[in-house]
Amino acid sequence: MGFADQRFNVNLSILFTELPLLERPAAAAAAGFTAVELWWPWVDSPTPEQSELDALKKAIEDAGVQLTGLNFYAGQLPGPDRGALSIPGAESEKFRANIDVAADFAQSLGCKALNALYGNRVEGVDPAEQDTLALENLALAARAADRVGAILLIEALNKPESPLCPIVSAPKAVEIVDKVNEATGLGNAKFLMDLYHLSMNGEDLPSVIEQYASKTGHVQIADNPGRGAPGTGTLPLADLLDQLKKARYEGWVGLEYKPGERPSAEAFEWLPAEARAAR
């Protein structure tokens, strides 16, 4: 058990960011990993030129890594935004324009998980209006994910770092998951359990795992405090991942942490080289 018994992927939107986007898949492969995930890479464009999509696809294929997770367009991330799908007007329209682009790109690489970030509350807009819009957009995203054989992920962020986001607890995220599944009848909406965010919220992580492992489609980790590599903080991440295994979670564990003041390639010493390639 422990870290050696997991299937890890590397998030190339937070690790290896000292390199240009197209060089990151090969860098992850050189570090011994065989799977990667990404936030939407084109923060200013939900519909980039096909040549840009093709270049990233080629970089991933040439590196010999599997894309296992991709975010839909989420606004400026990293930055002030926390998603686009609940924000009336231009941001919602950008999200809708991105849905099929992201789904088709995922399908082209055999990626089976698409993450839809909810977005911040907007001053002067009724929260109920935002929630209605969000459910409409999440249903559209769920149907697009289903079309390409993927699941739709809904993630809980953390309130200290995302004070305007309403999805800042495991129960709230799972409530949205259930609403989407009820709206579509597809059952492909799942909880993205980010142990760092939940720990920042002060949630009881063993209890969260016990209650929601069966509804979890993806897990992400970083230590706390600091959002660094496992072992840089105080979270018992190996024990928590063992608990997930015992609860029959068989999915990916995304490494979504900051490398600190060092090259990303040096931020994996906690994980034996033989445990990095997915099994």
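These figures come from a predicted structure and were not determined experimentally.
Residues Gln6 and Tyr249 bring no donor and acceptor atom of their side chains to less than 3.5 Å of each other. A donor-acceptor contact closer than 3.5 angstrom is absent between the side chains of Ser86 and Asn137. Side-chain contact of Gln211 with Ser207: a donor-acceptor pair under 3.5 Å is present, judged by distance alone. Side chain to side chain, Asp44 and Gln76 meet the donor-acceptor criterion of an N or O pair below 3.5 Å. Checked by atom type, the side-chain pair Glu18/Ser264 shows a donor-acceptor distance below 3.5 Å. For the 3.5 Å distance criterion, the side chains of Ser169 and Asn201 fail to qualify, holding no donor opposite an acceptor. A donor-acceptor contact closer than 3.5 angstrom links the side chains of Glu256 and Trp39.
Arg24 places a side-chain heavy atom less than 4.5 Å from the side chain of Thr17. Between Phe33 and Pro25, every side-chain heavy-atom pair lies at or beyond the 4.5 Å cut-off. With contacts defined as side-chain heavy-atom distances shorter than 4.5 Å, the pair Tyr73/Trp42 does not qualify. Side-chain atoms of Arg96 and Leu140, non-hydrogen and from C-beta on, do get closer than 4.5 Å to each other. In this structure the side chain of Leu186 reaches within 4.5 angstrom of the side chain of Arg143, judged on heavy atoms. At a threshold of 4.5 Å between non-hydrogen side-chain atoms, the residues Leu192 and Ile154 do not count as touching. A heavy-atom distance below 4.5 Å is found between the side chains of Leu244 and Ile209. In this structure the side chain of Asn158 reaches within 4.5 angstrom of the side chain of Tyr196, judged on heavy atoms.
Rounded to the nearest 0.5 angstrom, Ile87 CD1 and Glu93 CD are separated by 13.0 Å. Separation of atoms CG (Leu195) and CG (Leu241) is listed at 6.5 Å; rounding is to 0.5 Å. Asn9 contributes atom CG, which lies 3.5 Å from atom OG1 of Thr68 (distance to the nearest 0.5 angstrom). Note that NZ of Lys190 is 9.0 Å distant from OG1 of Thr216, once rounded to the nearest 0.5 Å.
Under the 4.5 Å side-chain heavy-atom criterion for Ile, Leu, Val, Met, Phe, Trp and Tyr, Leu153 and Tyr118 are members of distinct hydrophobic clusters. Cluster annotation: Ile151 is not connected to Val219 through the hydrophobic network of ILVMFWY side chains, with a link wherever side-chain heavy atoms come within less than 4.5 Å. Phe3 and Met193 end up in the same hydrophobic cluster when Ile, Leu, Val, Met, Phe, Trp and Tyr side chains are linked at under 4.5 Å. No continuous path of ILVMFWY side-chain contacts below 4.5 Å connects Leu117 to Met200, so the two sit in separate hydrophobic clusters. By the rule that hydrophobic residues join a cluster once side-chain heavy atoms approach within less than 4.5 Å of another member, Tyr257 and Leu240 end up as members of one cluster.
With hydrogens and angles ignored, the 3.5 Å screen pairs a side-chain donor or acceptor of Gln243 with a backbone N or O of Pro206. Looking only at distances, a side-chain donor or acceptor of Trp40 sits under 3.5 Å from a matching main-chain atom of Ser45. Under a 3.5 Å cut-off, the side chain of Asn98 and the backbone N or O of Pro46 do form a donor-acceptor pair. Not one N or O on the side chain of Glu161 forms a donor-acceptor pair closer than 3.5 Å with the backbone of His197.
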- prompt: Would Leu56 and Leu21 satisfy side-chain contact (heavy atoms from CB on, under 4.5 Å), going step by step from the backbone distance to the final call?
  reply: CA-CA 8 Å; Leu56 180 56; Leu21 174 64; 4.1 Å; yes
task: Please lay out, stage by stage, how Glu37 and His218 fare under the test side-chain hydrogen bond (donor to acceptor under 3.5 Å, both in side chains).
output: CA-CA 11 Å; Glu37 64 183 29; His218 186 47; 2.7 Å; yes
- prompt: Where do Leu22 and Glu52 land on the side-chain contact (heavy atoms from CB on, under 4.5 Å) test, with the steps shown first?
  reply: CA-CA 10 Å; Leu22 298 183; Glu52 294 183 83; over 6 Å; no
- prompt: Would Leu205 and Leu235 count as a side-chain contact (heavy atoms from CB on, under 4.5 Å) if you check the C-alpha gap in whole Å, the side-chain angles of each, and the deciding distance to 0.1 Å?
  reply: CA-CA 10 Å; Leu205 299 183; Leu235 288 183; 4.2 Å; yes
field: Chi angles and distances behind the side-chain contact (heavy atoms from CB on, under 4.5 Å) call for Phe268, Arg276
entry: CA-CA 9 Å; Phe268 304 108; Arg276 298 176 188 178; 3.6 Å; yes
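The minimum heavy-atom distance between Ala278 and Thr34, with the atom names listed, is N-OG1, 2.8 Å. Summarising the geometry of Leu85 relative to Ser92, their closest heavy-atom pair is O-OG, 4.5 Å, with the distance given to 0.1 Å. For the residue pair Cys111 and Gly69, the shortest heavy atom distance occurs at SG-N, 3.5 Å. Listed here is the closest heavy atom pair of Ala183 and Leu135: CB-CD1, 4.4 Å. Ala116 and Leu138 make their closest contact through CB-CD2, 3.7 Å (heavy atoms, listed as atom of the first residue, atom of the second, distance). Across all non-hydrogen atoms, the minimal contact from Val148 to Ala103 is CG1-O, 3.7 Å.
Checked for salt-bridge contact, Lys58 and Glu61 miss the test: no charged N lies under 4.0 Å from a carboxylate O. A salt bridge does not link Glu182 with Lys179: none of the charged nitrogens is closer than 4.0 Å to a carboxylate oxygen. One finds a salt bridge joining Lys245 and Glu250 here, because a Lys/Arg side-chain nitrogen approaches an Asp/Glu carboxylate oxygen to under 4.0 Å. We find that Arg121 and Asp126 are not joined by a salt bridge, their nearest charged nitrogen and carboxylate oxygen being 4.0 Å or further apart. In this structure, Arg262 pairs ionically with Glu269, as a charged nitrogen and a carboxylate oxygen lie closer than 4.0 Å.
Put simply, the residue from Asn11, Ile221, Ile14 that forms a side chain to side chain contact (heavy atoms under 4.5 Å, CB included) with Leu255 is Ile221.
Counting non-hydrogen atoms of neighbouring residues, nucleotides and ligands closer than 6.0 angstrom, the CD atom of Gln50 exceeds 12 such neighbours.
Aromatic rings from Phe95 and Phe72 are positioned such that their centres are separated by under 6.0 Å.
In terms of the side-chain hydrogen bond (donor to acceptor under 3.5 Å, both in side chains) criterion, Thr184 has no residue partners (sequence neighbours excluded).
For the salt bridge (Lys or Arg N to Asp or Glu O under 4.0 Å) condition, the pairs that include at least one residue of residues 205-219, sequence neighbours left out, are Asp178-Lys215. The stretch residues 105-116 participates, sequence neighbours left out, in these side-chain hydrogen bond (donor to acceptor under 3.5 Å, both in side chains) pairs: Asn71-Asn115, Asn115-Glu155.
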